[in-house]
Protein chains: 2
Amino acid sequence: MHRPRSEMIAQTRAKLVAAARKAFGTVGYADASMDDFTSAVGLTRGALYHHFGDKKGLLEAVVAEIDAEMDARLLAVSSRSQSQWKGFVDECTAYLEMALEPEIQRIVLRDGPSVLGDPATWPNQNKCILSMSANLKRLSEDGIIRPGDPEALARLLNGALLHAASWIANSPEPEATSRRAVEGIKDLLNGLLCFPVATPAFASGR
Amino acid sequence: MHRPRSEMIAQTRAKLVAAARKAFGTVGYADASMDDFTSAVGLTRGALYHHFGDKKGLLEAVVAEIDAEMDARLLAVSSRSQSQWKGFVDECTAYLEMALEPEIQRIVLRDGPSVLGDPATWPNQNKCILSMSANLKRLSEDGIIRPGDPEALARLLNGALLHAASWIANSPEPEATSRRAVEGIKDLLNGLLCFPVATPAFASGR
DNA sequence: TATAATGACATACGAGACGTATGTCGATGT
DNA sequence: ACATCGACATACGTCTCGTATGTCATTATA
């Protein structure tokens, strides 16, 4: 019966990841002392080096965890949408909302790229892109949007969404900015449609 | 006559910024030793702390220098374009090409945000946005693109361009990827036009 | 059941790197 | 000519990381 043993190990790893996630998310990767956040969960750097190799390895694990959560959340959103087009728009706005969370901003969007290199080289970040690409591909095959390169579009939209999140998060009036960003996104997406709807959004406009 | 004096000082500052820029651009901010790159130009950390306060202050100076160069280059591009719309597209592609340079990727796009906080909080990064916003505003006032929020659009496009640059830079075939990205950009921009050009047209490049 | 072996983790140590406090020396102003 | 100031160097302390080593419990084996 080697259950308790492996359970303890998994728990240790989970504790380390959780502690690091909290530290990275608050004070940032560079200012997070390994001695501090390991002792915060009753461990030392010995455990950390044993399980993750080095500080960077722990960051990778944290990023992977957050990425998995983001994937799951996006999947949940897209799964309960009826129309294809609406589902796509919903997923985009959900993605934008996630990118607003301070923990994600700091760990995934700022420290992650700085320490681990460009997100385009990570295995995970691509899952969102792939999912988006697949959606765009179906949309163009079904004649809903104009033909084009789905992956290229997905990457461009992804960048636009992430950047919009930063804009919102650092805006003096996040809610108003959020509305402007969402409207801008819808405007951009609308431009992709074969038969654009005359949205009341910019008809009622500014 | 205190010219030579101030000139020496300016030269010292320039040497520090240049040395830091080279170090940050190659090994990255975190792994750039202040002792190393100051001694590379015949100085010590004393000069650095005297002029820039700390390592972060030096990074700010480096980022400001690069940003100023980017602004100047963009201005040069847009100034010699005849048609408004073509000028805008040219500026976008020039921006994308700049974002491809490894030094800009590393210092401005990765380490900068991680160390200095989100670019949206910098004073500089906004100049590109402002310029783009102004362009979009004129384009919509002149009835070339649909009405909309110019700043929001500018920020979204800015994010798309930066992200596209990362995609290209980390692609196994950068040239082919670049073509796909540019085409995607043109597709997106085309969607903004009041009277989009016929679809196959912009695939062939105009 | 006794023993060997493995692995999970802690502890001890050394190496840089940063920031500060202090010192020096030349230039500047009167 | 002298006092001041500022540009820069040097010395020191502190923190953090990574490695090398040690210990102890668990597991496998006989």
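Lettering follows sequence order; numbering is per chain, from 1. Because only heavy atoms are used, hydrogens play no part in the values below, and waters and symmetry mates are left out as well, while side chains stay in.
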Enquirer: In whole Å, what is the span from the CE atom of A:M34 to the P atom of D:dC17?
Expert: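 For the pair A:M34 CE and D:dC17 P, the rounded distance is 6 Å.
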Enquirer: Want to settle it: does A:D36 or B:G46 sit nearer the 5' end of DNA chain D, counting the closest nucleotide to each?
Expert: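 On the 5' side of the pair lies B:G46.
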Enquirer: Nearest whole angstrom, please: distance from the P of C:dG19 to the CG of B:L48.
Expert: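 These atoms are roughly 9 Å apart.
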Enquirer: Choose from C:dC9, D:dT10, C:dA17 the nucleotide whose nearest atom is closest to any side-chain atom of B:S33.
Expert: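 Shortest atom-to-atom distance from the side chain points to C:dA17.
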Enquirer: Relative to A:Y29, does A:K55 satisfy both conditions: NZ or CZ under 6.0 angstrom from the six-membered ring centre, and within 45 degrees of the ring's axis?
Expert: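 Because its charged atom sits under 6.0 Å from the ring centre and within 45° of the axis, A:K55 does stack over A:Y29.
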Enquirer: When you measure from the side chain of A:R45, which nucleotide among C:dA10, C:dA12, D:dA7 comes out closest?
Expert: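 In terms of side-chain proximity for A:R45, the closest of C:dA10, C:dA12, D:dA7 is C:dA12.
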Enquirer: Would you kindly give the NZ-to-P distance between A:K56 and D:dG18, to the nearest whole Å?
Expert: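 In whole Å, D:dG18 P and A:K56 NZ are 9 Å from each other.
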Enquirer: Please indicate whether A:K15 has more than 12 foreign heavy atoms, meaning atoms of other residues, nucleotides or ligands, lying under 6.0 Å from its NZ.
Expert: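 Atom NZ in A:K15 is crowded, with more than 12 foreign heavy atoms closer than 6.0 Å.
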Enquirer: Go through C:dT11, D:dC17, C:dC18 for me and flag the one nearest to the A:T44 side chain.
Expert: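 Side chain of A:T44 sits closest to C:dT11.
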Enquirer: Rounded to whole Å, please give me the gap between CZ in B:R13 and P in D:dA7.
Expert: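 For the pair B:R13 CZ and D:dA7 P, the rounded distance is 10 Å.
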Enquirer: Just N and O in the side chain of A:H51: are any of them under 4.0 Å from OP1 or OP2 of C:dC9?
Expert: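 Yes, A:H51 has a side-chain N/O under 4.0 Å of OP1/OP2 on C:dC9.
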Enquirer: Return the CZ to CG distance between A:R146 and B:D187, rounded to the nearest 0.5 Å.
Expert: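 These two atoms lie 4.5 Å from each other.
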Enquirer: Do the side-chain N or O atoms of A:H50 get closer than 4.0 angstrom to the phosphate oxygens (OP1, OP2) of C:dC9?
Expert: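 Answer no for this pair, as no side-chain N or O of A:H50 is under 4.0 Å from OP1 or OP2.
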Enquirer: From CG of B:D54 over to P of D:dT14, roughly how many Å is that when rounded to an integer?
Expert: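 Going from CG in B:D54 over to P in D:dT14 covers 21 Å.
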Enquirer: Please determine which of A:L153, A:D149, A:I144 meets the side chain to side chain contact (heavy atoms under 4.5 Å, CB included) test together with A:L136.
Expert: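 Exactly one option meets the side chain to side chain contact (heavy atoms under 4.5 Å, CB included) with A:L136, and it is A:L153.
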Enquirer: Give one of base, sugar-phosphate or nothing for A:G42, where a contact means two heavy atoms less than 4.0 Å apart.
Expert: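 A:G42: backbone/sugar contact only, no base atoms under 4.0 Å.
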Enquirer: So if I apply the side chain to side chain contact (heavy atoms under 4.5 Å, CB included) rule between B:L157 and each of B:L189, B:I185, B:L162, which one comes out positive?
Expert: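 Exactly one option meets the side chain to side chain contact (heavy atoms under 4.5 Å, CB included) with B:L157, and it is B:L189.
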Enquirer: What is the distance from CG of A:D35 to P of C:dA12, rounded to the nearest Å?
Expert: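 The answer, rounded to whole Å, is 13 Å.
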Enquirer: Nearest to the side chain of B:L43 - D:dT19, C:dC18, D:dA9?
Expert: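 Selected nucleotide: D:dA9.
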Enquirer: Roughly, in whole Å, what's the span from CD1 in B:I9 to C1' in C:dT28?
Expert: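 Atom-to-atom, B:I9 to C:dT28, this comes out as 11 Å.
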Enquirer: Report yes if at least one side-chain N or O of A:T12 is closer than 4.0 Å to OP1 or OP2 of C:dC9; otherwise report no.
Expert: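 It does, given that an N or O in the side chain of A:T12 lies less than 4.0 Å from OP1 or OP2 of C:dC9.
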Enquirer: When we call it a touch if two heavy atoms are under 4.0 Å apart, what does B:A32 touch: a base, just sugar-phosphate, or nothing?
Expert: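 It contacts sugar-phosphate atoms only.
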Enquirer: What is the separation between atom CD on A:E7 and atom P on C:dG7, rounded to the nearest whole Å?
Expert: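 It works out to 20 Å between those atoms.
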